[in-house]
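For reference, the structure discussed in these notes is given below.
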Number of protein chains: 2
Amino acid sequence: MTLTPLQQEFILHFGEMGSRWGINRTVGQIYALLFISSDPMNAETITTALSISRSNTSMGLKELQSWNLVRLRHIPGDRRDYFTTPDDMWEIVRTLIAERKKREIDPTLTKLRELELQGPAGDDYAEARIAELREMIEMMTGFYADMERLETERLVKLMTLGSRISGLIDKTAGMFPALTKRK
Amino acid sequence: MTLTPLQQEFILHFGEMGSRWGINRTVGQIYALLFISSDPMNAETITTALSISRSNTSMGLKELQSWNLVRLRHIPGDRRDYFTTPDDMWEIVRTLIAERKKREIDPTLTKLRELELQGPAGDDYAEARIAELREMIEMMTGFYADMERLETERLVKLMTLGSRISGLIDKTAGMFPALTKRK
DNA sequence: CAGTCATTTCAGTAATTTCTGAAATGTAAG
DNA sequence: CTTACATTTCAGAAATTACTGAAATGACTG
């Protein structure tokens, strides 16, 4: 397994970015390798391609599976596990956002609700800030949930609307009067 | 400086989440403390409130300043630096997204463009994947740039529109025929 | 069911990150 | 210019995270 210079550079970059993305270097590299490889790969191939230990590969793949970022494949007559990333880029992005939300936002939303349930703590400012933060997160996760339900086709349309979105939003003021009342 | 149980729990949670958010525990705690405190705080107060070292506070505040997440304030007759978080939650969210984009996405976008400029590397699949990834990132950052330009009022409207946006998007097909042609 | 191959687990080590205390630097006031 | 803080820097210690090799487990095959 030899990598082209292009693959090398791409993989090394993902490794370096890993820490910023909340994964470690090897996990980033494994993902990058699978992402730019047309065919599924087994653990042994990954191990030699990246010059890491077999056990490291195993743990990295486990991590990627926990993120739902890789697909397990099998080849007839070969009992090794093969891995790929989805072909569809939108599927990848959706998974990534969903998983990050699950790890980075949901626990905090839960905690904030918990704190509010504990009732007045005699600290009006803190309580108000916590409520405000919770409301903000709820609004954003609510919007995300709506977007998640849209088919890719419509999502693309929305994203490419650009500045025309502005006028569109205003038009809705008349269509849904209930929306115009803001606290 | 004594913290209420509510403050304590909130701060500890932010500390624990810190690593998932790409900051360390004390940076998370300092931010949390400032966020739920009505008045600006100086480094010494933060240090004792969180039971950390003065130097750690200094470094943490530097980090938060590099993220643009805190504001420096001064009190007449007091030459110490005081820190707060913005009152406006939307400002906080905008900053957070902008900074994460800068750290987590922009470097990769740059690298991908760089790789494409290096010309054909004789690996069609990898090249196609890299181009596809770049296009996806460009579409999303482009959309983000558009959203960033919207005033908060309109952004709130859009976010609360939610799935009702769907029908609206379809209507635009007639309004802007150019948009309907997708590759 | 014995042998072979694939994967996982795990204890120890290596590498990295975070934190501290002390010293250095900066800064305003007298 | 000196004193009195305030803040930053930085080398080493502490804590955490990542990685490896060896052993254990699992799973198919003949």
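Just so you know, these numbers come straight off a predicted model, no measurement behind them. Chain A is the first sequence line, chain B the second, and so forth, proteins listed ahead of strands; every chain is numbered from 1.
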Would you mind checking if A/Arg94 and A/Glu91 are paired as a salt bridge, meaning a charged N to carboxylate O distance below 4.0 Å? no
Side-chain ion pair, B/Glu104 and A/Arg100, N-O less than 4.0 Å: yes
Determine whether the aromatic ring centres of A/Trp67 and A/Tyr31 lie less than 6.0 Å apart. no
Gap between atoms CZ and P, on A/Arg80 and C/dT4 respectively (whole Å): 17 Å
Please give, in whole Å, the distance from D/dT8 P to B/Leu64 CG? 13 Å
State plainly whether one hydrophobic cluster holds both B/Phe14 and B/Met59, where clusters connect Ile, Leu, Val, Met, Phe, Trp and Tyr through side-chain heavy atoms under 4.5 angstrom apart. no
Hey, are B/Glu116 and B/Arg113 close enough for a salt bridge, meaning a charged N less than 4.0 Å from a carboxylate O? no
Roughly how many Å is it from CD in B/Glu63 to C1' in C/dC19, rounded to a whole number? 14 Å
Would you say A/Arg134 and A/Thr108 are linked by a side-chain donor-acceptor pair, where the criterion is simply a distance under 3.5 Å? no
Within the side chain of B/Gln7, is there an N or O that forms a donor-acceptor pair under 3.5 Å with the backbone of B/Thr4? yes
Could you list by number each residue of residues 21-35 of chain B showing a heavy-atom separation from DNA chain D of less than 4.0 Å, or answer none if no residue does? none
NZ/NE/NH1/NH2 to OD/OE distance under 4.0 Å, A/Glu151 and A/Lys157: no
Strand-adjacent residues in residues 44-62 of chain B, judged by heavy atoms under 4.0 Å from DNA chain C: B/Ile52, B/Ser53, B/Ser55, B/Asn56, B/Met59
When all nucleic acid strands are considered with a 4.0 Å heavy-atom cut-off, which category describes A/Asn42: base, sugar-phosphate, or nothing? nothing
OP1 or OP2 of C/dA28 under 4.0 Å from side-chain N/O of B/Arg79: no
Within the 3.5 Å criterion, strictly below it, is a donor on B/Arg129 or A/Thr85 matched to an acceptor on the partner's side chain? yes
Rounded interatomic separation in angstrom, taking CD1 from B/Ile75 and C1' from D/dA6: 15 Å
I need the CZ-C1' distance between B/Phe83 and D/dA6, as an integer number of Å. 11 Å
5'-most by nearest nucleotide on DNA chain C - A/Tyr82 or A/Ser19: A/Tyr82
